[in-house]
Every structure is written in structure tokens, then in C-alpha cells.
Participant: 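Attaching a single structure in C-alpha cells format; questions to follow.
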Amino acid sequence: MRDEPDLTGLEAERARLYAELAGVGDFRRGTLSAVFRKCGKPNCRCARPGERGHGPQWNWGGLAGGKTVTAHPRPGAELDKARREAGEWERFKELTGQIEAVNEAICDARPPLAGPGERAPGIEGQKRGGSARSSPRRSRRRPPPR
């Protein structure tokens with residue numbers, strides 16, 4: 001019995017998750033919550049002990065342009081749309097978390113390409129040590145100080 005994860009099975013799981021991710025519908029980043037409020041009138045039903053208050057009023061909170069925004073979808077088609085978008089956002093977050101976990105497992109299970117004593121191939125955009133000849137760009141020479 002092997003202790004190593006099955007690389008082929010992990011790659012198949014990642015492909016399945018990618019296919020499921022492709023099926024995610026319209027989503028909007030944020031949360032949808034129901035809010036109950038008390039009006040403050042002493043004779044109102046909301047003032048009774050154990051009463052939640054008036055509502056629910058639905059609030060959509062999210063980010064737009066780096067700022068927190070709140071919207072209040074009306075019951076009916078607008079609220080149904082907001083619920084669908086919030087559900088798809090949660091589905092998107094769940095799937096991307098699973099994809100991240102599977103990719104981590106794939107990276108851990110994949111054997112290194114270089115043998116002992118050999119240099120592994122460099123990653124694009126990463127600095128490499130060595131002589132100035134291996135660098136595609138050279139710095140400009142500065143004139144000597146006067």
C-alpha cells in the first residue's frame with residue numbers, strides 16, 4: 001500500500017472542480033441578511049418582550065470600488081435575484097477553496113523534475129544567480145564622478 005497521494009486521481013478531482021466552477025452563475029460578492037427593527041413606540045407589538053421587531057428588511061452588504069456599500073432589495077423578484085447571487089457567491093468561494101486544497105496536494109505529490117546535483121529549471125520572472133551574461137538586461141554604466 002502506498003502512502004503517497006494518487007497524482008492522477010488528484011488531477012482528475014481538480015478537472016472535475018474546474019468543470020463545476022465553469023457552471024457557477026452570476027454572483028455578487030457580499031452578504032444578504034435579514035434585519036428586524038423596533039420602532040420605539042411603547043404601545044407597538046414590537047415593544048412586547050420576546051418580540052423580534054418589524055421586518056425583515058433585507059440588506060445587501062458588499063464592496064464596490066474599495067468602499068462598503070449597502071443595498072435594500074425589495075421582496076419579490078429583486079430579493080430572489082439577490083438570494084441567487086449570494087448563493088452563487090458562496091458556491092464560488094467553496095469551490096475555489098477546494099481547488100486550492102487539491103492544487104496544494106498536487107504540488108506536494110508531484111516529484112521534482114531535476115535529479116540530484118542538477119539545477120531545476122528556473123521560473124519565469126524569478127531572479128537567478130550567476131554571471132551577468134545569464135541576465136537578458138544589463139544595467140547602464142554610469143560615468144565616473146568628476
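All heavy atoms count here, side chains included; hydrogens, waters and symmetry mates do not.
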Participant: Just to verify, what does Glu104 make a salt bridge (charged side-chain N to carboxylate O under 4.0 Å, His left out) with, not counting sequence neighbours?
Facilitator: none
Participant: Can you name the residues that form a side-chain hydrogen bond (donor to acceptor under 3.5 Å, both in side chains) with Arg28, not counting sequence neighbours?
Facilitator: Glu85
Participant: Measuring from atom NZ of Lys81 to atom CG of Leu32, what distance do you get when rounded to the nearest 0.5 angstrom?
Facilitator: 12.0 Å
Participant: Compare every heavy atom of His54 with every heavy atom of Cys44, then report the nearest pair and how far apart it is.
Facilitator: SG-NE2, 3.3 Å
Participant: Please report the shortest heavy-atom distance between Leu10 and Val102, naming the atom on each side.
Facilitator: O-CG1, 3.4 Å
Participant: Cys46 and Cys39: which non-hydrogen atoms are nearest, and at how many Å?
Facilitator: SG-N, 3.4 Å
Participant: If a pair satisfies salt bridge (charged side-chain N to carboxylate O under 4.0 Å, His left out) and one of its residues is in residues 52-77, list it, with sequence neighbours excluded.
Facilitator: none
Participant: Once salt bridge (charged side-chain N to carboxylate O under 4.0 Å, His left out) is applied, do any residues pair with Arg45, and if so which ones, sequence neighbours excluded?
Facilitator: Glu51
Participant: Identify the heavy atoms of Leu7 and Pro111 that sit nearest to each other, and give their distance.
Facilitator: CD2-CD, 4.5 Å
Participant: Could I get the full list of salt bridge (charged side-chain N to carboxylate O under 4.0 Å, His left out) partners for Glu94, not counting sequence neighbours?
Facilitator: none
Participant: For Glu100, check side-chain hydrogen bond (donor to acceptor under 3.5 Å, both in side chains) against everything at least two apart and list the hits.
Facilitator: none
Participant: Just grab all the ring-ring contact (aromatic ring centres under 6.0 Å, His included) pairs involving residues 58-103, residues at least two apart or on different chains.
Facilitator: Phe27-Trp89, Phe27-Phe92, Trp89-Phe92
Participant: Rounded to the nearest 0.5 Å, what separates atom OG1 in Thr31 from atom CD in Glu90?
Facilitator: 8.5 Å
Participant: Taking only residues at least two apart or on different chains, which pairs with a member in residues 10-19 satisfy side-chain hydrogen bond (donor to acceptor under 3.5 Å, both in side chains)?
Facilitator: Glu11-Arg110, Glu13-Arg16, Arg14-Asn103, Arg16-Glu20
Participant: Taking atom OG1 of Thr68 and atom CG of Leu63, what is their separation to the nearest 0.5 Å?
Facilitator: 5.0 Å
Participant: Check side-chain hydrogen bond (donor to acceptor under 3.5 Å, both in side chains) between Arg83 and all other residues, then give those that pass, not counting sequence neighbours.
Facilitator: none
Participant: Running the 4.5 Å side-chain criterion over Ile, Leu, Val, Met, Phe, Trp and Tyr, what cluster does Phe36 land in, apart from itself?
Facilitator: none
Participant: Not counting sequence neighbours, which residues clear side-chain hydrogen bond (donor to acceptor under 3.5 Å, both in side chains) with Asp80? List them please.
Facilitator: none
Participant: Within the distance-only criterion (no hydrogens, no angle test), does the side chain of Glu88 pair as donor or acceptor with the backbone N or O of Val24 below 3.5 angstrom?
Facilitator: no
Participant: Mind checking what makes side chain to side chain contact (heavy atoms under 4.5 Å, CB included) contact with Arg37, not counting sequence neighbours?
Facilitator: Val35, Gln57
Participant: Are the side chain of Lys38 and the backbone of Gly53 linked by a donor-acceptor contact shorter than 3.5 Å?
Facilitator: no
